[in-house]
Amino acid sequence: MSAYPCLRILSLEDDPNDAELIQAALEAEGLACKMARVDTQTAFRASLEKGEIDLILADYTLPSFDGLSALRLAMSTLPEVPFIFVSGTLGEEVAVEALQIGATDYVLKTRLSRLVPSVLRALREASGRAERRQVLKALRRSETFLAEAQRLSRTGSFGENLSTGEVFWSAETYRIFECDPGITPTVELVIKRTHPADRDRLNHVFEHASADQGDFDIEHRLIAGDGSVKYVRVVARIVKGDEPEGLQIIGAVTDVTEAKRAEDALRRSEGYLADAQSLTRTGSWAYDVAAGRGVHWSQENFRLLGFDPEGGVPPHEEFLQRIHPEDRENYIRVFDEAIAHQQPNLDFEYRVVLPSGETKHIHSVGHPVFDASGNFCEYVGTAVDVTEQHQARAALETAFQEIQALKDRLYKENIALREEIVRTSMFEEIVGESAALRTVLARVTKVAPTDSTVLITGETGTGKELIARAIHKRSRRAAGAFVSVNCAAIPTSLISSELFGHEKGAFTGATQRRLGRFELAEGGTLFLDEIGELPPETQIALLRVLQEREFERVGGTKVIIANVRVIAATNRDLQAAIDAGTFREDLYYRFNVFPIAMPALRERREDIPLLIEYFIDRYSSKTGKKIHSVEKPTLDRLKQYTWPGNIRELQNIVERSVILCESETFVVDESWLTGGFDPSDRTGPTLLKISPSEEKKAIEAALADAQGRVSGSSGAAARLGVPASTLDSKIKALNINKHRFRTS
């Protein structure tokens, strides 16, 4: 009989027949399974988020989805679920990459005989990983509980290797001795912190323990950092290994200062003891050593232990019967040892069971009393009802467990979310798979970890701000602010104040001091959009910030240091602005440390279907509509359209069409497309078809027809059938002055 009663399998497969063959192959080997088949990214994601999956079997090639993307999505959502590729074709390089990402195995559909052994091995490995995670989680929880218990009880732990002299302290031990955790603990450090009157006695105990390999229990005083005295109790034993050099001292040190102070306060407050006991639920008792019985109980002690005061102090044997059976033997042992050794500090807890059946937790403290001749005659002490404290401690421990569980879950969810962002939506809302876009994203990945200034160029609507945000979020400044400024939207007279802030009274209307965008972006990123619109005086001030990393508020004299990364963007030809004298050349080179040119949408037409699908999904969910397909003539028109407004225009048209759509098929009114169309197959001459000797003449002719404009639907690049960035490179290589073709 199989160890897996019924496997819950998620199959990413576009061919139902192949899915049935795979299921049949598993069941033929005795593996019962319940298989759910999906063939789209949306359905796959929904199944992952739903969970309840034991195994994922995925084809590599799907109509609108690829296996590696599915693998990354699965690893970020359900990393513990085994993932096996079952595909007709899977090259060696792809298989290696899949295994590196996290796939468990891959099986060719032509060799389904390997499927069952692969599945069984994957399930065994997943089970082993789950067991290891549980063990690690339990270990961490135990360590947390131990540290918290030491903190609550003010008891630290320590150890010493007698052969090497190496000493270990827990965090609570460092706190008790008031030492920096970075200091290496030593026996000499303990002696140095000990009260001078107790050092000889402590040295003697240490020497006896090392020489005779004996346990010890000692109480001594410490000199605190403020000069006050602190009492500690040290209990230790020798742990013997297999070899003599393996001997270690392991013990605990407890801060008993409060107990000492409480004992002294008790002696000073004997006149108010009765009222204090009633208020604090603390009873007192006295035990006659010679008679072997109790000789005094306070009224509160009778009430705590459930005896009638009229009957007097009960015999010791009768009292022992009231102690909880599980604590009785330990109580007798501890109490008898305290009597036999005249223990100066008896401090322990036990439970009593009252006649009503109620159980109470009692914390008892006692000490010996000597008569005038110095003879040990009595043992006296107190009994405190600490039931509520135990209940509160239990509730607190439960709360700590719940908090830790929530913290662990939040941490895992945060890690999963970060991984999902990085792996499946690495650049937020940037959608596309074209070579032009991949080139841009590769440059973003390289420049993001640095602090270099970035200049993003491109036509309006190409997503320059999205690229800037992607750079910020992948940089070391991601935790800081991302402040965006549109330089073209701010009046010329106010832009300096907007960027650098102003002091009160700097100009008419400045009724109070105002922080500028550079100060708001401190430690983060400042995105300056449309920098080509900056007035000359602001360009000078901005040049100083980029050079010196400092500025002054308008109307101020204090120099402010700017710890800000600057990313700039423009849709203007800055070189032409420099030639026209409207933009400073030195500022341009300060911005142009790392240029990124955004391709126009017409230069990445292969991304148009993905963008349409993305925007349809966004706006149909907002409007509550269900759109399942795109009309083919509509898609063809959208792919041939020149998109002068780029992605922003596409987004607006899709949103408008979704609002007006009355069926499950997406269509677009062709009258909305006013920018012109490019035929899918160019029949005219393109730059690629022109010989190198004729290139310069053809480029100059195209620039003359386009009046010096390179990009755009009517630009020289469109006329020559090449991307604008390619044509720019050609112009520079051939030393062509494109500005002389412009008309006034």
ask   = Could you walk me through whether L31 and L120 pass the side-chain contact (heavy atoms from CB on, under 4.5 Å) check?
value = CA-CA 9 Å; L31 287 177; L120 292 176; 3.9 Å; yes
request  = Check the pair I653, W643 against side-chain contact (heavy atoms from CB on, under 4.5 Å), reporting the backbone distance first and the verdict last.
outcome  = CA-CA 11 Å; I653 286 177; W643 297 110; 3.7 Å; yes
request  = Take E29 and L115, measure what side-chain contact (heavy atoms from CB on, under 4.5 Å) needs, and give me the verdict at the end.
outcome  = CA-CA 10 Å; E29 296 294 331; L115 180 58; over 6 Å; no
key: Full working for side-chain contact (heavy atoms from CB on, under 4.5 Å) between F83 and L78   = CA-CA 10 Å; F83 189 110; L78 295 175; over 6 Å; no
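Here the side chains of D451 and R477 are in contact, with some heavy-atom distance below 4.5 Å. For the pair I467 and L441, the minimum side-chain heavy-atom distance is below 4.5 Å. Between D54 and R8 there is a side-chain heavy-atom pair separated by less than 4.5 Å. The shortest side-chain heavy-atom distance between V658 and F615 does not fall under the 4.5 Å cut-off. Side chains of V447 and V593 form no contact here, defined as non-hydrogen atoms less than 4.5 Å apart. Annotation: side chain of E522 is in contact with side chain of V564 (closest heavy-atom distance under 4.5 Å). The closest side-chain heavy-atom distance from L611 to R604 is below 4.5 Å. Using a 4.5 Å heavy-atom cutoff, the side chains of F591 and L574 are not in contact.
Rounding to the nearest 0.5 Å gives a distance of 12.5 Å between CG of N571 and CD1 of I456. Here D607 contributes atom CG and I612 contributes atom CD1; the two are 11.0 Å apart, rounded to the nearest 0.5 Å. Separation of atoms CD1 (I53) and CG (L10) is listed at 4.5 Å; rounding is to 0.5 Å. Atom-to-atom distance recorded for E433:CD and L610:CG is 5.0 Å, nearest 0.5 angstrom. We find the SG-CG distance between C33 and L57 to be 8.5 Å, quoted to the nearest 0.5 Å. One finds the SG atom of C487 at 5.0 Å from the CG atom of L528 (value rounded to the nearest 0.5 Å).
With hydrogens and angles disregarded, no donor-acceptor distance shorter than 3.5 Å links the side chain of S118 to the backbone of R114. With hydrogens and angles disregarded, no donor-acceptor distance shorter than 3.5 Å links the side chain of D66 to the backbone of T61. Put simply, the side chain of S127 never gets that close to the backbone of R124: no donor and acceptor are under 3.5 Å apart. With R565 contributing its side chain and S452 its backbone, the two residues share a donor-acceptor pair below 3.5 Å. Listed for the R37 side chain is a donor-acceptor partner under 3.5 Å among the backbone atoms of E13. Under the 3.5 Å distance criterion, the side-chain polar atoms of K639 are left unmatched by any main-chain donor or acceptor of I608. In this structure, the side chain of S76 engages the main chain of L73 through a donor-acceptor pair within 3.5 Å. In this structure, K464 contributes its side chain and G458 its backbone to a donor-acceptor pair below 3.5 Å. Judged by distance alone, the side chain of K625 and the main-chain N or O of I659 form a donor-acceptor pair under 3.5 Å. Proximity of a side-chain donor or acceptor of S621 to a complementary backbone N or O of D617 within less than 3.5 Å is detected.
Between I84 and A122 the shortest heavy-atom distance is CD1-CB, 4.0 Å. The nearest pair of heavy atoms linking A470 to I430 is CB-CD1, 4.3 Å. Considering every non-hydrogen atom in both R618 and Q651, the closest pair reads NH1-NE2, 3.4 Å. Of all non-hydrogen atoms in L26 and M35, the two that sit nearest each other are CD1-CE, 4.5 Å. Taking each heavy atom of A597 and V440 in turn, the nearest pair found is O-CG2, 3.6 Å. Nearest heavy atoms, E649 versus G645: OE1-N, 2.8 Å.
Taking the charged nitrogens against the carboxylate oxygens, D59 and K109 do have a contact shorter than 4.0 Å, which makes a salt bridge. Under a 4.0 Å N-O distance rule, the pair R572/E533 qualifies as a salt bridge. Ion pairing between a basic and an acidic side chain is recognised when a charged N comes within 4.0 Å of a carboxylate O; E125 and R121 show such pairing. A salt bridge is absent between K732 and D728: the closest approach of a Lys/Arg side-chain nitrogen to an acidic carboxylate oxygen does not fall below 4.0 angstrom. A salt bridge links R72 with E97: the closest approach of a Lys/Arg side-chain nitrogen to an acidic carboxylate oxygen falls below 4.0 angstrom.
Checking each of L703, I699, L727 against K738 for a side chain to side chain contact (heavy atoms under 4.5 Å, CB included) leaves exactly one that passes, namely L703. Of the listed residues (L62, T40, I56), just one forms a side chain to side chain contact (heavy atoms under 4.5 Å, CB included) with L12, and that residue is L62.
Side-chain contact of N646 with T462: a donor-acceptor pair under 3.5 Å is absent, judged by distance alone. For R637 and Y641, the side-chain atoms include no donor-acceptor pair closer than 3.5 Å.
Around atom CD of E613, no more than 12 heavy atoms belonging to other residues, nucleotides or ligands sit under 6.0 Å away. Atom OH of Y106 has 12 or fewer heavy atoms from other residues, nucleotides or ligands within 6.0 Å. Crowding of E662 atom CD: a count of heavy atoms from other residues, nucleotides or ligands under 6.0 Å not exceeding 12.
In this structure, R469 is not positioned above the aromatic face of F527 in the sense of NZ or CZ being under 6.0 Å from the six-membered ring centre and within 45° of the axis.
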